[in-house]
Chemist: 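Here's a structure for you.
Letters A, B, ... are given to chains in the order of the sequence lines, protein chains preceding strands, and every chain is numbered from 1.
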Amino acid sequence: MRKSENLRTARRGEEIAARHLQTKGYRLIEQNYRTRYAEIDLITRYKGILVFVEVRTKRNEQFGSPEETINRNKINKLIKNAQGYMLKKGYNKKYRIDAVCVLLDKNGEAGRISHYENITL
Amino acid sequence: MLSRVSSASNLGLETIPVEVEVNLAERGLPAFEIVGLPSKAVDESKERVKTAIVNSGIEFPTRRITVNLAPADVPKEGSFYDLPIAVGILSLTRQCRLPKSSLFFGELSLEGTVRHTKGALLLALCAKERGIKNIFVPEPSANEAAIIEGVNVYPVESLNQLLAYLSGEIELLPAEYREANQAQAPVEAEFDIAEILGQEQAKRAMEISAGGGHNLFMIGSPGAGKTMLARALPGILPLLAERESLEVTKVYSASGRIPPQGSMIKIRPFRAPHHTISPVGLIGGGTNPQPGEVSLAHRGVLFLDEFNEFPRSVLEALRQPMEDGHLTISRSRKRASFPSRFMLIASANPCPCGYLYHPGKPCLCSQREIEKYRKRVSGPILDRIDLHVEVPVVDVKEFSHEQEVKKSAELSSQIRMRVVKAREMQRERFIKEGIHTNAEMKNKQIKKYCSLSKEVRQVLLQAMRTFKLSARSYFKMIKVTRTIADLEGSQGITVAHMAEALQYRPKTQNEG
C-alpha cells in the first residue's frame, strides 16, 4: 500500500468522524490543524469545553483494531500538541482529549464509529 | 458500572477474604488494569481472563476495565483471581445477578474451562468459619473442598456453564464428598517387615516408635538393614484418624499437593529427603512462606537417612519443630504457621568407614575421625530422640536357613494390629487433651497419665544415676514405657516395661 493511500484513508476517516461529532452537537473549530511538528486531527467545542480529537482509521482489523494503535506515547504527544495550541491561542479554560476510531468497509463508508471521551483519564 | 465479587486469599494455612471490585468506565480508551498489589501471576490473569472470555464465545467489552483487589495494601499472590475477575466483568456485560454470600475461586485456562487450583480446602474452611453459604470452585478441586460440611461447594467446569447457572438457565448441584477408593486400602510399604532378616530389637523399636509416635535413631554398619527397616515402617503405621487427617490434608492443600479429584489424606505421609536438603527445604520458608519437609511429614514419618551427613545448620533447625509440634515462619512481609508433629526416624553409621562395631571387619578410622564424625550431630538433637537402637550386622547363619526365619518372623500386618490397638488406647486417654500420641505428652500430662509404682520409679532413678540421663530423658523414658505398656494392652506400668524402655536410652559416646 502506498503512502498516499494511507493518507486518503485517514482523510476519509476524519471527514466521517467530523460529521459524526457534528450530529452529536460538537462545533467544529479546526480540521487538520498543523504546527511545525505535528497535526491535530480535529478541534471542536462541546458544552463549553474545548475538545481535541484524535481520529484513527483502518480499512480492516487484520492487523489489529484502531484502538490498539493509540498507546501511552501517542497520548503524551496529543497532550503536548493540545497544550501548544492552547498556549498559542491564549486559551486557559477546560479542555479534553477524545479519540474517534473509524473502521471503513470496502466501499469506503463507515463500518463502525467508536467515540471515546477523555482518553487521558 | 461497578460489581463486587468475593474471594479469599490463602497465606500458609490462614485465609483472608479478598473483595474483587470490577469497574467498567464509560469514558477513556479501552484498557484493562489490576490494582491492589498484584504479583506477576495475578497481573497476568488479565490475559487469561480476556482470552478465556473470547474463546467462550462471549464478547469482551471494549471499555476501560479497572479491577481492585481489596484490601489494597496486602500483596496478592496466586492464579485463583481469574474466576472472580471474569465473573465480575461478565456480571456487568450480561447483567446477571450474583448470588449472595458466595466466594469465587479458580484459575482459568485460555479455553474458558476452569483448572484445578491449590487451596480449595482452606477456602471452604474459611467460608465455614465466616458463615458464608456458597463457594464456587473448579470442578477438579470441588471434592477436596466438599470435605468441609455445611458449605455448598459448587463445582465450576467452565465460564459458559457458570454463566448459564448465574442467569438461571441451568441448575447446578453442590458437590457431594466422595472418598477415593484407594484411601481405604491397606498401606502398601516397599517391604514387609518379615522380609528383613534378624534385627529383632530394631523391629521391636520400630513397633514402639509407631505405637506412640516416638522418634527413633538407628545406628549400624552399612548394609545391616537400616534403610530397609525405615522403608518398611509405613506398613505398620495405622491410618490417620479423622482429626489428624484434616490437619494433614490442610498442609497438602496449601502447598498444592492434592491431585485433581483428590480426597482426604488417610495414609500417613512418609518423607525421606536427601541429605543435601537446605534449611528452608526442611523447615519451610520463602518470601511467600511454604511448608517444608517437617510440615509435609506432619502426623507421619520424617526419615533422615545418613543423619550425620546432614549439614549442622539443617539439623539444629529441627530442634524447635520437634519440641513444639508446630513452627512459625517469619519473613519481613509475611508470616505463616505450619504444624510439624512428625516421627523422626534417623539412621547413621557409627564411624566414617562404618565398621566400628562390626564383629568381622576391622574399623579403619582413627579415634579423632570417629569423634569428629559423631560431633556432626549435636547432643541436644540426640537428647530429643526417644528411642536409640543399634542395628547389628546380619549373621551369615541367618542366610543359610532364610526360609525358616521368614516363616517365623512376624508380618507387618500382625504388628500393625498391635500398633492400632495401642493408638486406640491413647486416643481414648487423650480425648480431652487435644493430643493424639504418648510422644506428645507434656510433663503435666505425664504426671497425670503415667503413675509409676514405687518399684518402677526406683528402677528409673537407679538408671538415671548410672547412665547420667538428662531431665528430658527422664520424661522421655516414661513416655516410652507408657507406649510399651499400651502395646501390651496394659493399663498399669510394670518394672518389665520400664526395663525394656531403658534399653533404648540415649547412649553417650563413651558408652558406645
Chemist: Can you tell me how far the CZ atom of B:Arg63 sits from the OH atom of A:Tyr116, to the nearest 0.5 Å?
Modeler: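 It is 9.5 Å, given to the nearest 0.5 Å.
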Chemist: Rounded to the nearest 0.5 Å, what separation is found between the CZ atom of B:Arg27 and the NE2 atom of A:His115?
Modeler: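 With rounding to 0.5 Å, CZ (B:Arg27) is 9.0 Å from NE2 (A:His115).
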Chemist: Got a sec: does the NZ of A:Lys24 have more than 12 other heavy atoms crowding it under 6.0 Å?
Modeler: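 Counting other residues, nucleotides and ligands, NZ of A:Lys24 exceeds 12 neighbours.
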Chemist: Using a 6.0 Å cut-off, check whether atom CD of B:Glu111 has over 12 heavy atoms from anything other than its own residue.
Modeler: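 12 or below, so no.
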Chemist: Does B:Arg4 have more than 12 heavy atoms from other residues, nucleotides or ligands lying within 6.0 Å of its CZ?
Modeler: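 Open.
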Chemist: Would you mind telling me which of A:Asp98, A:Asn71, A:Ile70, A:Asn118 makes a side-chain contact (heavy atoms from CB on, under 4.5 Å) with B:Leu29?
Modeler: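 When side-chain contact (heavy atoms from CB on, under 4.5 Å) is applied between B:Leu29 and each of A:Asp98, A:Asn71, A:Ile70, A:Asn118, only A:Ile70 qualifies.
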Chemist: Please flag which part of A:Ile75 lies under 4.5 Å from any non-hydrogen atom of chain B: side chain, backbone, both or neither.
Modeler: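 Answer is side chain: those atoms of A:Ile75 sit under 4.5 Å from chain B.
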Chemist: Would you say A:Lys80 has more than 12 foreign heavy atoms packed within less than 6.0 Å of its NZ?
Modeler: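 For A:Lys80, atom NZ is not crowded (no more than 12 foreign heavy atoms under 6.0 Å).
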